[in-house]
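To start, the structure under review is shown below, and the notes come after it.
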2 protein chains.
Amino acid sequence: MDVSAKPKLDDVARVAGVSTATVSRCLNEPAKVTSKTRERVLSAVEALGYTPNFGGRALASRKTHTVGAVIPTMENAIFARGLQAFQEALAEAGVNLLVASSGYDAEREAAQIRALVGRGADGILLIGTARPEKTRAFLKRFATPCVIAWSIGGPGDVYVGFDNVAAARAIAERVIAFGHRRIAMISGITAMNDRAAGRIAGVRAALSEAGLSPEGLVVEEVRYAFDEAGVALHRLMAAPEPPTAIICGNDVLGVGAIVAARRRGLTVPCDLSITGFDDIDIAALVEPGLTTVHVPHRRMGLAAAKALLDLIEGQPQDRHVSIETSIIERGSLGPAPRSSSIGR
Amino acid sequence: MDVSAKPKLDDVARVAGVSTATVSRCLNEPAKVTSKTRERVLSAVEALGYTPNFGGRALASRKTHTVGAVIPTMENAIFARGLQAFQEALAEAGVNLLVASSGYDAEREAAQIRALVGRGADGILLIGTARPEKTRAFLKRFATPCVIAWSIGGPGDVYVGFDNVAAARAIAERVIAFGHRRIAMISGITAMNDRAAGRIAGVRAALSEAGLSPEGLVVEEVRYAFDEAGVALHRLMAAPEPPTAIICGNDVLGVGAIVAARRRGLTVPCDLSITGFDDIDIAALVEPGLTTVHVPHRRMGLAAAKALLDLIEGQPQDRHVSIETSIIERGSLGPAPRSSSIGR
DNA sequence: TTGTACGCGTTATCAT
DNA sequence: ATGATAACGCGTACAA
């Protein structure tokens with residue numbers, strides 16, 4: 001009925017009455033085998049419940065059919081969503097996904113990358129471009145196929161991402177167009193995070209272009225957490241000349257800011273305008289809806305999978321894929337209050 | 001400067017002037033080696049930038065230091081959060097995580113399980129207990145260490161979960177205690193989902209205990225998506241005797257229902273009470289806050305990792321870990337409207 | 001088209 | 001404590 005030991009290629013060969021080589025061919029290059037013997041072999045495989053041993057296969061073929069991804073955290077919905085799509089696309093191609101997380105920490109990212117490469121990942125997905133030279137050198141040294149997502153990488157990188165600077169600039173321009181002059185920002189931690197840094201740069205660029213002082217932009221730098229946004233908002237609003245609009249580095253901060261504003265008795269957007277970045281589900285559920293930058297995270301995940309698989313196969317491809325973003329207006333951004341546009 | 005080929009155990013042995021066996025021991029059982037030679041070996045490892053080959057190691061040791069997890073989808077925050085904690089705990093132990101998703105589909109789950117076992121996962125994490133006998137047999141056949149989470153499993157299972165029936169019953173009792181008699185439910189799809197089915201059963205049990213008809217419970221079964229909750233709510237409220245309280249199968253549905261109710265001009269909880277299940281972030285952010293069942297997803301993920309690692313090591317352990325849940329009252333559940341408690 | 005035989009890089013079992 | 005050497009399971013030139 002049931003065998004105690006795991007069947008090996010050898011067992012299948014014996015049952016099918018062929019050599020191990022033929023069995024191997026049947027599984028890997030079915031075309032190189034007669035349909036008749038193939039049938040015999042496959043039924044033997046079925047009968048024994050044979051599963052190829054991973055170690056043996058990896059050792060002989062020097063391929064693991066496994067790729068790794070190191071993301072900041074799955075608890076951020078944007079990465080969860082992108083990774084989900086990434087995994088689905090890989091599964092489609094019979095490739096497994098190893099996930100690791102850095103917690104936005106460069107050291108941990110480096111450690112996880114080493115672990116994944118050591119574990120034999122055929123390729124790797126990384127988020128953003130900001131990382132120590134040491135980590136970069138490690139990847140280069142082992143020539144690990146690597147795709148960068150969520151950012152525009154350098155000319156030498158293969159990436160599937162969007163221009164954080166341009167997108168942030170676009171939404172800042174919208175804020176300015178609404179008449180806001182006292183603008184503040186609640187940003188994620190910028191250390192080793194080019195997305196967060198780029199979004200600040202984009203806002204500064206918009207200010208500058210509008211003839212406003214980019215240095216005057218007050219930036220509260222906090223962890224990506226709802227509560228942190230509240231703390232930051234209170235600090236900002238306690239200033240002698242509080243902002244009339246707050247541009248948030250992502251939707252978690254944006255929604256946190258809206259809730260905090262409400263609890264502070266402020267009406268959004270009448271008293272205070274707030275914008276986000278990412279367009280995750282909750283952005284559409286808060287009251288008022290969060291005006292934000294829409295990023296197609298799923299599409300990016302799918303494209304990243306395709307890019308990485310192509311890269312591993314050595315196929316020619318687009319090394320640089322830019323994903324378009326757009327602004328979604330939902331109501332949390334409105335005209336600047338009249339009293340303050342008069343200001344002093 | 002840099003070598004073109006990847007250094008192997010052999011290279012390290014040559015440089016250190018020892019045998020491959022010693023190098024292997026240095027890396028795996030450092031205690032069985034003199035500190036003097038160990039030092040020599042380790043510096044050789046460092047100098048060459050040696051990384052053990054995964055295939056070779058897996059083949060010889062019959063261990064991959066890799067575990068797999070098959071979850072419905074990472075896009076559901078509860079799984080993203082639990083999986084994040086799970087992964088962190090594994091990384092701590094030097095174990096890598098392979099993730100796969102089923103999309104709540106039994107066939108896909110089976111396929112992913114096969115893939116992960118074939119890929120050499122030392123153990124596997126699964127969500128819930130409801131799955132075809134065939135899948136169960138497959139796991140038994142290969143004696144794959146397996147932990148079930150998010151549910152109470154059978155006596156033969158190793159699980160780290162909570163009692164979905166009891167938790168749903170508890171919140172239904174609360175709803176009934178608020179005077180509600182016309183109670184409806186918006187549930188997830190129950191096919192091959194014991195959590196969703198269990199939650200309905202729990203609500204029915206509470207109704208029955210309160211002397212209400214459990215068969216009278218109207219259940220709208222929908223996918224776990226915000227929009228689906230809205231559609232379901234509209235159907236429920238269009239009935240001749242609409243419910244005064246809607247118990248939702250999870251927070252995604254609960255929040256979706258609150259938003260849909262608001263758009264329908266209903267005030268929660270004055271006109272309609274709504275409850276959720278899970279206690280994800282948005283439950284605290286909507287207006288009014290969603291009264292829900294708090295589930296410590298991170299703690300469950302950590303405990304699941306510990307259980308699985310112990311199981312793989314063959315260590316004695318608790319095969320059944322029950323996680324406590326609690327009810328969080330936030331405001332979306334209130335007294336039944338007076339007019340309807342009088343009824344028709 | 002199919003079979004033979006060797007090599008992939010490591011661990012583990014013996015001796016020493 | 002260390003070294004020689006045999007597995008480990010599969011892929012693949014090469015031969016038939």
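Below, chain A is the first sequence line, B the second, and so on; all start at residue 1.
In this structure, the nucleotide among dC10(D), dT1(C), dT2(D) sitting nearest to the side chain of V33(B) is dT2(D).
Remark: the S101(A) side chain and the Q87(B) side chain contain an N/O donor-acceptor pair separated by less than 3.5 Å.
If you take CG of N53(A) and P of dT10(C), they are 16 Å apart, rounded to a whole angstrom. At whole-Å resolution of the value, CZ in R119(A) and P in dG9(C) are 18 Å apart. Between the OH atom of Y50(A) and the C1' atom of dC10(D) there is a distance of 7 Å, rounded to whole Å. Atom-to-atom, NZ of K6(B) to P of dT10(C) comes out at 10 Å; the value is rounded to the nearest Å.
Salt bridge annotation for E39(A)-K36(A): absent, with no cationic side-chain nitrogen under 4.0 angstrom from a carboxylate oxygen.
Here L9(A) lies in heavy-atom contact (under 4.0 Å) with sugar-phosphate atoms only.
Judged by the 6.0 Å distance and 45° axis criteria, R119(B) is positioned over the aromatic ring of F54(A).
Remark on DNA chain D: of its neighbouring residues T37(B) and L59(B), the 5'-side contact belongs to T37(B), judged by nearest-heavy-atom nucleotide.
Distance check: L98(A) CG to T66(A) OG1 gives 5.5 Å after rounding to the nearest 0.5 Å.
Contacts between residues 10-32 of chain B and DNA chain C, counted as heavy-atom distances below 4.0 Å, involve A21(B), S24(B), N28(B).
Distances shown here put a side-chain N or O of R62(A) below 4.0 Å from the OP1 or OP2 atom of dG9(C).
For the side chain to side chain donor-acceptor pair (under 3.5 Å) test with S151(B), the passing option among N193(B), T129(B), D157(B), D194(B) is D194(B); the others fail.
Of all the heavy atoms in A13(A) and V23(A), the pair that sits closest is CA-CG2, 3.7 Å.
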